[in-house]
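First the proteins, then the strands, lettered A, B, ... as listed; each starts at 1.
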Protein chains: 4
Amino acid sequence: MGDTMDGTKQHRRRGDTRQRIQDVALELFAEQGYEKTSLREIAERLEVTKAALYYHFKTKEEILVSLFEDLTQPMEELIEWGLEQPRSLETKQEIVRRYSAALSGAAPLFRFMQENQATVRELRIGEMLKNRTLSLKDILVDPEAEMTDQVRCVSALFTLHAGMIVLQDLEGDPETKRKAILEVAIDLITQAHQGG
Amino acid sequence: MGDTMDGTKQHRRRGDTRQRIQDVALELFAEQGYEKTSLREIAERLEVTKAALYYHFKTKEEILVSLFEDLTQPMEELIEWGLEQPRSLETKQEIVRRYSAALSGAAPLFRFMQENQATVRELRIGEMLKNRTLSLKDILVDPEAEMTDQVRCVSALFTLHAGMIVLQDLEGDPETKRKAILEVAIDLITQAHQGG
Amino acid sequence: MGDTMDGTKQHRRRGDTRQRIQDVALELFAEQGYEKTSLREIAERLEVTKAALYYHFKTKEEILVSLFEDLTQPMEELIEWGLEQPRSLETKQEIVRRYSAALSGAAPLFRFMQENQATVRELRIGEMLKNRTLSLKDILVDPEAEMTDQVRCVSALFTLHAGMIVLQDLEGDPETKRKAILEVAIDLITQAHQGG
Amino acid sequence: MGDTMDGTKQHRRRGDTRQRIQDVALELFAEQGYEKTSLREIAERLEVTKAALYYHFKTKEEILVSLFEDLTQPMEELIEWGLEQPRSLETKQEIVRRYSAALSGAAPLFRFMQENQATVRELRIGEMLKNRTLSLKDILVDPEAEMTDQVRCVSALFTLHAGMIVLQDLEGDPETKRKAILEVAIDLITQAHQGG
DNA sequence: TATGAATGAGTCTTCATTCAT
DNA sequence: TATGAATGAAGACTCATTCAT
């Protein structure tokens, strides 16, 4: 019956509730998935009622959208920059380098999106993500190139993404791993550009 | 309204209900995800009541487990075979080739698992999948090798997986694409084996 | 948490649940209005869980629609009959007589609709009701007649409706009242037909 | 999202907020009904926060009460006047005439009350309205008269009320219709008085 | 004269599951 | 080999109201 709350939560931290909701939501979404994370759970962790969430966000989906918008801005800018550059090998390499950095900056969100593709596809961020991805493909992949080279470019992107998630399981120093991943990706892009 | 069933569905296909449930379930799981697919929906498509599903499977999860077991048997055998072979380049290349074929044979299931990782992780098939993946990594990845080469091997696997799903979007003949993907994967494995 | 049910409700009355839901729903809708009647309330009165209601009806609105369809069938038939008759005074008088009877047969439902017009208008039965009403007007009201006479016809209908509800408050024997109401309505129709 | 207020609403109309709340509330109540109109909606239309409404009115119901009191004052006075007059035909006719005018002056409110009877009945204005109605009946209806004539009187009142709402649908000039309605009502009263 | 932030109760609805027949 | 009927738990969301500032 209702959200009971014992009085023990002093007026601590006011004004930052919106941010705290985002933090907890991202944590839980990444951990358990979007559908399995209920607003009740988020609210409980914040020691706040569900209704409070609705004061800050219109819907559950809106929480996710806000995370996406806040955390992928660097990527958005990167893509805009990339679209204006010449399609040279240097540009592509630079894009891959910066993309790798941008990914690291929003790792939990991307992990979430990787692991919840079926869900994401049905949500508003699905469309946003798709557009970004297509732009990126436009920049990196030359539609005139041999199929093998096209595959190499896409594979480079996937290596970066996978790197953030699965390759964590490999033993070794994280920074070493990040560099190795980047190197393989740049390698693939370079091979592709040189025409096999 | 209840599980209403109008009498119009002839006694078609006696005894194959279990199979039909699996077919429809896989279709819907792949299309919408596991959580968003309800047993009601599956039952409705089959023109059967929900309770009928429970005659054939103990739980919703069991339907998924049965799909996994039925469809990934070739992979299971492939891995068993691989574990007995010497860790030579030829073996690795052969594994990649056969793995690619096995993937194609169970594409919808793997698409489902790729797109529902968060969900899969929490289910029984999560553990099964993880074990298989680790075995595969053991076969392909040499823990003594340079990090870049380790990354290349994992990247090869991811290229195959991604190939099934994302690369569909690239223009071109499917068979050409499949070969290109396989080529890139084998290339990566080969480079890795040769030590960068 | 959930709908708790103590075991004390034997397997009494099976098969008639759908009917019982309709009965209780109509009673409560008429008593308190549609919006103020919650499914929880209906379920509690029936000593059943809310989910059971959903086994028999797809939505709350569907319960109302089913009541409307079941209870206004006589009216539907009356209107169909009326549309085929000549627009004579006798026809009109007969319609009014039969309409009065049909109203009595579904009094609680009409009382409900009268008192919840704002709600009804937004629901599916709003449209149904509107259509019936327009047909009835077509039968009774001659668009060529003087405005006063048109008003008399509509007023006759309203007298019948109001009769069911408000006039209950007048003292006197119910049957006497019903006859008086009918007489006034027929009077109005007759005056209208004679051209003032 | 919270009650967000962008700064763009100039200091327009100081001090008339209370009035503006009433206006918007009446508009929405009449359009959608009382229950379906939320304070959030009213506040949003006024570009004010919900809390602001509570500065001016203690509860949602109070808004309605205030509308009732403000808009039905002429009727209140009419009834007081009527109670002091002799129960002559002339008085009754005059009452009907003035009542018709008073109704026109507060049409939206009466439309609201007509269409939300179920709701109104449970609210404070239910009682107020009932008292007024009974007084009016006392003036117009002679309890000694024949039942048919009593019905005629009540029917006259209902004709006026219905006139405001349903008869709008009839084609024709509004003023012509208003006069026709009044004529029919006065006719009914007159017939009733002359003893059927 | 208002706002920002929050609450508690309640809404309709959906789901996986059970069991007697 | 199924169905009809139901349950218990939980879901997202909305509402009127409050109160410190």
Discussion item. D/R121: which residues meet the side-chain contact (heavy atoms from CB on, under 4.5 Å) condition with it, sequence neighbours left out?
Written reply: C/R111, C/E115, D/A118
Worksheet item: Does A/A52 have any side-chain contact (heavy atoms from CB on, under 4.5 Å) partners at least two apart in sequence or in another chain, and if so, which?
Response: A/V48, A/T49
In this structure, how many angstroms lie between the [atom2] atom of [N] and the [atom1] atom of [X], rounded?
{"X": "A/D16", "N": "E/dG4", "atom1": "CG", "atom2": "C1'", "value": "14 Å"}
{"X": "A/E62", "N": "F/dT14", "atom1": "CD", "atom2": "P", "value": "12 Å"}
{"X": "D/L46", "N": "E/dT3", "atom1": "CG", "atom2": "P", "value": "10 Å"}
{"X": "D/L123", "N": "F/dA16", "atom1": "CG", "atom2": "C1'", "value": "14 Å"}
{"X": "C/E47", "N": "F/dA6", "atom1": "CD", "atom2": "C1'", "value": "15 Å"}
{"X": "D/K60", "N": "F/dA16", "atom1": "NZ", "atom2": "P", "value": "4 Å"}

Fill in: By salt bridge (charged side-chain N to carboxylate O under 4.0 Å, His left out) - contacts of D/E44 (at least two apart)
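Salt bridge (charged side-chain N to carboxylate O under 4.0 Å, His left out) check on D/E44 returns D/R40.
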Worksheet item: Mind checking what makes salt bridge (charged side-chain N to carboxylate O under 4.0 Å, His left out) contact with D/R124, not counting sequence neighbours?
Response: D/E62
Discussion item. What residues from residues 30-40 of chain B pass a heavy-atom cutoff of under 4.0 Å to DNA chain E?
Written reply: B/T37, B/S38, B/L39, B/R40
Worksheet entry | Of residues 50-58 of chain D, the positions that come close to DNA chain E - non-hydrogen atoms, cut-off under 4.0 Å |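 Of all residues in residues 50-58 of chain D, the ones placing a heavy atom under 4.0 Å from DNA chain E are D/K50, D/A51, D/A52, D/Y55, D/H56.
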Item to complete: Hey, which sits more toward the 5' end of DNA chain F by its nearest nucleotide, A/T59 or D/E61?
Response: A/T59
Worksheet item: What residues form a side chain to side chain donor-acceptor pair (under 3.5 Å) with B/Q117, not counting sequence neighbours?
Response: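 Expected list: none.
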Worksheet item: How would you list, by chain and number, every residue that makes a side chain to side chain donor-acceptor pair (under 3.5 Å) with B/S66, sequence neighbours excluded?
Response: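 B/S66 satisfies side chain to side chain donor-acceptor pair (under 3.5 Å) with B/Q22 once adjacent residues are dropped.
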Worksheet item: Between which residue ranges does DNA chain F form stems of three or more consecutive Watson-Crick or G-U wobble pairs, both distances under 3.5 Å?
Response: E:2-21 with F:2-21
Worksheet entry | Residues in ring pair (Phe, Tyr, Trp, His ring centres under 6.0 Å) contact with A/F110, at least two apart in sequence or another chain |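 Checked A/F110 against ring pair (Phe, Tyr, Trp, His ring centres under 6.0 Å); matches are A/H161.
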Worksheet entry | B/T37 (side chain) donor-acceptor with B/L28 (main chain) under 3.5 angstrom | yes
Worksheet item: So, is C/T17 near the phosphate of F/dA6, with a side-chain N or O under 4.0 Å from OP1 or OP2?
Response: yes
Worksheet entry | Close side-chain approach of A/I63 and A/H56, heavy atoms under 4.5 Å |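 With C-beta onward as the side chain, the pair stays apart.
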Worksheet item: Out of E/dT7, F/dG4, E/dT13, which has the shortest distance to the side chain of B/T49?
Response: F/dG4
Worksheet item: Applying salt bridge (charged side-chain N to carboxylate O under 4.0 Å, His left out), which residue pairs with at least one partner in residues 24-37 of chain D are found, sequence neighbours left out?
Response: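 Qualifying pairs: C/E122-D/K36, D/E27-D/R45.
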Response to the item:
Contacts satisfying ring pair (Phe, Tyr, Trp, His ring centres under 6.0 Å) that involve residues 31-54 of chain B (not counting sequence neighbours) are B/F29-B/Y34
